[in-house]
Amino acid sequence: MRIRQAAIIGLPILLSAGVAQALEYGGRLLLTGGVNTIEGAAGGGLTPWAVIGGYGTRDQIGGNAFFSHVEIDDYRLEVRGAVLGLFDRVELSFAEQRFDTRQVGAALGLGAGFTFRQEVFGAKIRLAGDAVLDQDLWMPQIAFGVEHKRNNRGAILRAIGARDDEGTDYYLSATKLFLAQSTLLNATLRATKANQAGILGFGGDRRDSYRIQPEFSLAYLLNRHLAIGGEYRFKPNNLGIAKEDDWWDLFVAWAPNKHLSLTLAYVDLGNIVIRDRQSATYLSLQVGF
Amino acid sequence: MAIARYLVCLVALFAASSLRADPETFRAFGGVPGLTRVVDSFMEELLADPRTRPFFESVDQQNLKRLLVEQFCAELQGGCTYTGRDMRSAHQGQGITMADFNALVEALQKAMAREGVPFRAQNKLLAKLAPMYRDIVER
């Protein structure tokens, strides 16, 4: 009887403690949730990292919403999206990309301002390691992720030689913060059929099979709020109609607090369809918890 | 894959530099007097933050500060001996979460910045302390 009484009294205390626990958020350290890639997932701007987006610890949830504007020499890419991080284990993300061909659209006979729209549904699971705290171990944080992409311009994509307007990327990321050196390294292997990340569809007349493409990021922490770095992303070359180049960028990311971050980057995109040597200014705003 | 080779070299370089004894970092903290100032600020930050205050307001703060200076000095190879309990038994039963642990790290970061410790030196101490989460965090 006494045990039952104790259970009845104890249960609400346990429950309210549980609720209080669930309502706490933002327990991870500043900038350790990365920023948002153009495909939504937490990482650098071009490359997903093994970190889980948001600032939630293993007892908490975290998340953010972001807007990225990429002003390219002859094109424009705008991305809106959101990330939900669950218990520092699972990350769900969504991104909507609008790729505006501006005057190139007119030159191609599509009409000026012709825009490709792509939705990216992402999921990532942390498999092992802690990129930030395991400073005495070699083991990086490792995560596996999936990005399912749906492009809205199937007819055009098929006309330029792409095989599909839908595709799925699979990636494995390893991320390690070398805190004593104030440096973060990331390596990602992505299995993909996407042309220009899917903006130009999936598979092509030259090749219609998955290729494994490496991606690298290096970031240096200048202080608690500021990181600089660079990324390199290898890309496949599936379309006969237009050569596709690797992408790289140099970035600076600033997080005044855990609710806001701003990232500015110079991006080199190489050839995009009929325009060579495309470079861009990338600006991304992230709000979250 | 020139980039991959470069990254491997970089990682090897980090390994070499993180295994070396590091009197420079101890000097960057200003030796024991500098560490004492950092730990004083650290305790102020811990007591000011509602997330960490409950863990520290009712302990013998003078004794804890003395032990922290010893521990930090020992971790930086400054010639001190840490005389306190091991991390696991010192924190057992307090129900410390990962968020609590990170809140403490933030307090230490603020304290080090306030006392003018260079950022790179701050991170070298944090790199020594961070793995202790495995003995401190309980759930």
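Residue numbers begin at 1 in each chain, while the letters A, B, ... track the order of the sequences.
- Under the 4.5 Å side-chain criterion, counting only non-hydrogen atoms from C-beta, B:Val137 is in contact with A:Arg58.
- Interface remark: A:Leu137 contributes side-chain atoms only to the contact with chain B (heavy atom separation under 4.5 Å).
- In terms of heavy atoms, A:Arg28 sits closest to B:Asn102 at CA-ND2, 3.6 Å.
- Counting non-hydrogen atoms of neighbouring residues, nucleotides and ligands closer than 6.0 angstrom, the CZ atom of A:Arg89 exceeds 12 such neighbours.
- Note that CE of B:Met98 is 5.5 Å distant from CG of A:Leu133, once rounded to the nearest 0.5 Å.
- By the neighbour-count criterion of 12 heavy atoms within 6.0 Å, atom CD of B:Gln61 is densely surrounded, having more than that number from other residues, nucleotides or ligands.
- Of all residues in residues 119-127 of chain B, those placing a non-hydrogen atom less than 4.5 angstrom from a non-hydrogen atom of chain A are B:Phe119, B:Arg120, B:Asn123, B:Lys124, B:Leu126, B:Ala127.
- Here A:Asp134 is the residue among A:Asp88, A:Asp134, A:Leu177, A:Val132 with the most heavy-atom pairs under 4.5 Å with chain B.
- Pairs of residues two or more places apart, or lying in two chains, that qualify as salt bridge (charged side-chain N to carboxylate O under 4.0 Å, His left out) and include a residue from residues 249-268 of chain A are A:Lys258-B:Glu106.
- Under the 4.5 Å side-chain criterion, counting only non-hydrogen atoms from C-beta, B:Tyr133 is in contact with A:Asp130.
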